[in-house]
Amino acid sequence: MPVKVIVGTFWGDEGKGKISHYASRNANIVIRATGGSNAGHTVVANNTKFALHLLPSSIIREDVKSIIGPGVVIDLEILKEEIECLKKLGINPNLYISDKASIVLPLHKELDTYIEKQKSVKVGTTNRGIGPAYADKCYRLSLRMIDLLDLKTSLNRSFKDSLLLEDLLIDEPRCTLVTEIRDILYENANYFKDYICNTQELINNALENNETIIIEGAQATYLDLDHGDYPYVTSSNPIASGACTGAGIGPMYVTDVYGVMKGYCSRVGEGPFPTELFDEVGERIRDLGHEYGTTTKRPRRCGWLDLVRAKNAVHLNSISALCINHIDTIGKIGEEFGYINVCIAYELNDKKITYVPTENTNCKPIYKRFTGGWSTDGCTTYDELPENAKKYIEFIEDYTDIPVKYIGIGAKDTDTIIR
Ligand code: IMP
């Protein structure tokens, strides 16, 4: 009964969507487990580019059940737009939305912007209301998808509870907010009613019938609320155990955890990034790798691959195989600049360390240098890859002690070498 979890190894944007879509060709069920419309998963399939925020990357395959799990916070407008977009392309989404998933209200988005403006330490959030929506959930104040199913009961509620947190911060007459929530419920109940269900029943049956399940993580290891670079993190737990919670599958069922990474690192928003490049190499990685946010279009910060963090991520997630995207991009960098660096340790307070300290803004990377680069043009198998590319990949394997299973050499899901 294979249950595969797909996680981001660094700060997101590693290409989880591409790997998840590719892996889903053999799956019965794919579950999006955490986060909300802050995620941006790009899938290039059937000559079309899909930019997904809430829907699992399997959604393009009508024969796979795509689930949005209880751990996700849902912006109804954005989800509706995504569904409509697929329908226009002739795809009928095979979609099941957990009745336990929380709803992101317009107010949450306002609060996200407001709080970010007021705070002295900026996180650089995506402004999608994620933090306030999860805060409401922790306060046990959320409106959930199940509230759309029983409008009669929901509309009779005063919504006083759902507005408690907002009341403290937003200077707006309560009646406007109540009307807004009522409108949201009215407008969306009919649209979503056929998609909302108890997804646990589906998942339990699938587990009992030995079906193949993929849990698609969103965001990534170092954006994890508990294990990332707090406070420069998101408000959910994107690591593998958080993905299990968000989906509704116990850890003993998991057979594989795929850690997705790139041949280099990137980060959006604020926070530590020891191997960040501020020179023309960093700019060139951004250009060649098209490193601009799918959700916010922000240019991403780019830098060399950090294996200290990769190894730490292996333990945090129990990664069993690595998927490395942009091996073509980093090869070109090596060709153009004559070298590629990989961080193998940090220097902190005159000491060499190989762990990730909680306070790591002052960590100075210690690099191993690879001379030259490579081109992956025309390669379809591992054996066909140039020696320099193989040396790079095998060094990552040796350092992390984890096999590299998928090697991405282009944007299309089929531009993947499997080992
Ligand atoms: P939030 O999730 O919008 O609250 O943003 C918190 C931090 O996580 C910010 O630094 C964002 O840029 C980052 N972040 C959130 N979602 C993603 C993602 O899907 N990819 C990369 N960074 C993300």
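Note that ligands are numbered from 1 as they come in the structure, with each ligand's atoms numbered from 1 the same way.
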Taking only heavy atoms of [X] into account, list the atoms of ligand 1 that are under 4.0 Å away from them.
{"X": "W11", "answer": "21 (C), 22 (N)"}
{"X": "D13", "answer": "20 (N), 21 (C)"}
{"X": "V268", "answer": "10 (O), 12 (O), 21 (C), 22 (N)"}

Does ligand 1 have any atom sitting under 4.0 Å from a heavy atom of [X]?
{"X": "S235", "answer": "no"}
{"X": "R128", "answer": "no"}
{"X": "G124", "answer": "yes"}
{"X": "Y232", "answer": "no"}
{"X": "R298", "answer": "yes"}

Could you see which bit of [X] sits under 4.0 Å from ligand 1, with heavy atoms only: side chain, backbone, both or neither?
{"X": "V233", "answer": "backbone"}
{"X": "R300", "answer": "neither"}
{"X": "L223", "answer": "side chain"}

Within the structure provided, determine whether K16 and E216 are in side-chain contact (heavy-atom separation under 4.5 Å).
no
Can you confirm whether V308 sits close enough to Y355 that some side-chain heavy atom of one is under 4.5 Å from a side-chain heavy atom of the other?
no
Atom 18 (C) of ligand 1: of D112, N38, D229, the nearest heavy atom sits on N38
Which residue owns the protein heavy atom closest to [atom], what's the atom, and how far is it?
{"atom": "atom 2 (O) of ligand 1", "result": "T234 OG1, 2.6 Å"}
{"atom": "atom 5 (O) of ligand 1", "result": "T125 CA, 3.4 Å"}
{"atom": "atom 3 (O) of ligand 1", "result": "T126 OG1, 2.5 Å"}

With a distance cut-off below 6.0 Å to the six-membered ring centre and an angular limit of 45° from the axis, does K368 pair with F370 as a cation-pi contact?
yes
Is the ring pair [X]/[Y] parallel, tilted or perpendicular, if the boundaries are 30 and 60 degrees?
{"X": "W11", "Y": "F273", "answer": "tilted"}
{"X": "Y406", "Y": "Y258", "answer": "perpendicular"}
{"X": "Y367", "Y": "W304", "answer": "perpendicular"}

If we ignore angles and hydrogens, is there a donor and acceptor under 3.5 Å between the side chains of [X] and [Y]?
{"X": "Y230", "Y": "D224", "result": "no"}
{"X": "D13", "Y": "S266", "result": "no"}
{"X": "E359", "Y": "T361", "result": "yes"}

Does K390, at its NZ atom, have more than 12 non-hydrogen atoms belonging to other residues, nucleotides or ligands within less than 6.0 Å?
yes
Got an N/O contact under 3.5 Å between Q219 and ligand 1?
yes
